[in-house]
Amino acid sequence: MTAPASTRPYNFSAGPAAFPEEVLRLAAADMLDWHGSGMGVMEMSHRGKEFISIYEQAEADLRELLAVPAHFRILFMQGGGLAENAIVPLNLSRGTAADFVITGSWSQKSLKEARKYCTARVAASTEADGHTTLPDPAGWQLGSDAAYVHICTNETIHGVEFQALPDLKALGSKAPLVIDFSSHVASRPVDWSRVGLAFGGAQKNLGPAGVTLVVVREDLLGHALPACPSAFDYRIVADNHSMYNTPPTWAIYIAGLTFQWLKKQGGIAAMEQRNIAKATLLYDFIDHSQLYVNKVAPGCRSRMNVPFFLRDESRNDAFLAGAKNRGLLQLKGHKSVGGMRASIYNAMPIAGVQALVDYMQEFERTQS
Ligand SMILES: *Cc1c(COP(=O)(O)O)cnc(C)c1O
């Protein structure tokens with residue numbers, strides 16, 4: 001069966017975000033009967049051989065795609081990125097101290113939540129410049145007693161992305177690095193030698209809302225505070241292969257289809273090249289236009305989330321209405337920042353970014 005040519009609009013949502021159309025079609029075809037089992041995936045026991053095979057394939061594909069080393073465990077949890085803001089200190093802080101680098105709204109939220117469980121300190125912050133830069137790691141105030149150092153590697157709202165992970169050892173810190181990679185996971189390779197734990201909600205780049213990915217180094221398991229809920233204790237979750245309680249089975253299955261799709265696209269290195277091409281196309285256009293502006297310093301602009309403003313903000317509604325008419329959806333910026341935001345995750349083809357640029361060009365022409 002060949003799929004009909006797509007007539008779906010291009011969806012620039014920041015999350016939950018657009019899926020590869022192929023994944024949606026596969027899921028639709030499997031909805032009533034997965035592979036002749038007579039059951040849809042949502043109707044299967046998580047302990048039955050059918051679902052176990054789905055789970056094992058998804059985990060193996062993800063490990064291969066992200067090149068996760070053997071001494072890291074892959075956990076599929078629930079609660080989203082925000083729950084991890086509590087689950088991480090519950091598991092890693094040992095009730096002592098942790099250092100946070102504040103580069104936007106998400107790291108700010110992580111800091112605030114961690115304060116319930118440990119002494120959470122600000123190691124560096126870009127609040128003064130409206131989170132349009134990244135602080136040089138050489139200047140971070142890292143405590144020698146920190147149980148971990150937290151950064152958000154892609155700030156979804158402010159559009160700021162670390163282009164390389166900091167090397168904490170080289171900075172004289174023995175603390176493991178915790179990264180919130182919710183909104184750019186699988187868009188570029190991860191240097192696991194610099195990471196202790198990575199977490200991310202699935203709904204940006206991996207799958208449906210409802211499953212949360214945690215990749216954690218073995219030696220960080222087994223240190224949860226006594227008050228940590230069992231279902232959120234990484235040691236217990238790992239020992240039970242993410243099935244201590246019922247996992248979000250359908251979300252894991254859809255994420256698994258996305259992993260298969262990613263492999264077919266050539267894996268993460270190929271995705272990264274495409275993501276660079278997409279982001280370059282959009283930023284170059286914005287930088288050369290008279291109407292649009294992106295305020296983030298060029299060296300730390302996100303490849304995934306591109307906030308931009310019209311120099312004449314009174315035209316915002318007209319811009320969005322025209323975009324919608326063209327089948328370019330969900331371009332409104334986050335309410336805390338304003339303006340527009342184009343999220344161009346893995347599932348966004350370059351043709352979608354080109355369609356956006358064509359529209360922006362035309363809109364600019366009609367304004368002068
Ligand atoms: C979306 C997002 C989250 C929030 O995830 P929830 O699943 O809503 O809890 C956390 N961190 C970052 C960087 C995000 O982009």
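Whatever order the structure lists ligands and atoms in, that order sets their numbers, starting from 1. The chain is numbered in sequence order, starting from 1.
A donor and an acceptor atom, one from each side chain of S110 and N85, are located under 3.5 Å apart. A donor-acceptor pair shorter than 3.5 Å can be found between the side chains of N305 and Y345. Between the side chains of R341 and Q330, not a single donor N or O lies within less than 3.5 Å of an accepting N or O. Side-chain atoms of Q260 and D61 form a donor-acceptor pair, as typed in the model, at a separation below 3.5 Å. One side chain, R315 or Q367, offers a donor N or O that lies under 3.5 Å from an acceptor on the other.
Of the protein's non-hydrogen atoms, the one nearest atom 9 (O) of ligand 1 is L82 N, 2.8 Å. If you check which protein heavy atom lies closest to atom 10 (C) of ligand 1, you get W106 CE3, 3.4 Å. In this structure, the protein non-hydrogen atom closest to atom 5 (O) of ligand 1 is G81 N, 3.4 Å. Atom 15 (O) of ligand 1 has T156 OG1, 2.4 Å as its closest protein atom, hydrogens excluded (heavy atom only).
Neither the backbone nor the side chain of A83 has a heavy atom within less than 4.0 Å of ligand 1. No part of T212 comes within 4.0 Å of ligand 1, judged by heavy-atom distances. Contacts of K204 with ligand 1, taken as heavy-atom pairs under 4.0 Å, involve the side chain alone.
For the pair Q203 and ligand 1, a heavy-atom separation below 4.0 Å is found.
Taking a cut-off of under 4.0 Å to the non-hydrogen atoms of N154, the atoms of ligand 1 that pass are 13 (C). Contact atoms of ligand 1 toward C152: 13 (C) (distance under 4.0 Å to a heavy atom of the residue). Ligand-side atoms of ligand 1 in range of S183: 15 (O), range being under 4.0 angstrom from any heavy atom.
Ring centroids of F100 and H150 are separated by less than 6.0 Å, placing the two rings close together. A ring-centre distance under 6.0 Å is not found for Y55 and Y253.
Nearest to atom 13 (C) of ligand 1 by heavy-atom distance, out of N305, V185, N205, D180, is D180.
Cation-pi geometry between K109 and W106 is met: the NZ or CZ atom falls under 6.0 Å from the ring centre, inside 45° of the normal.
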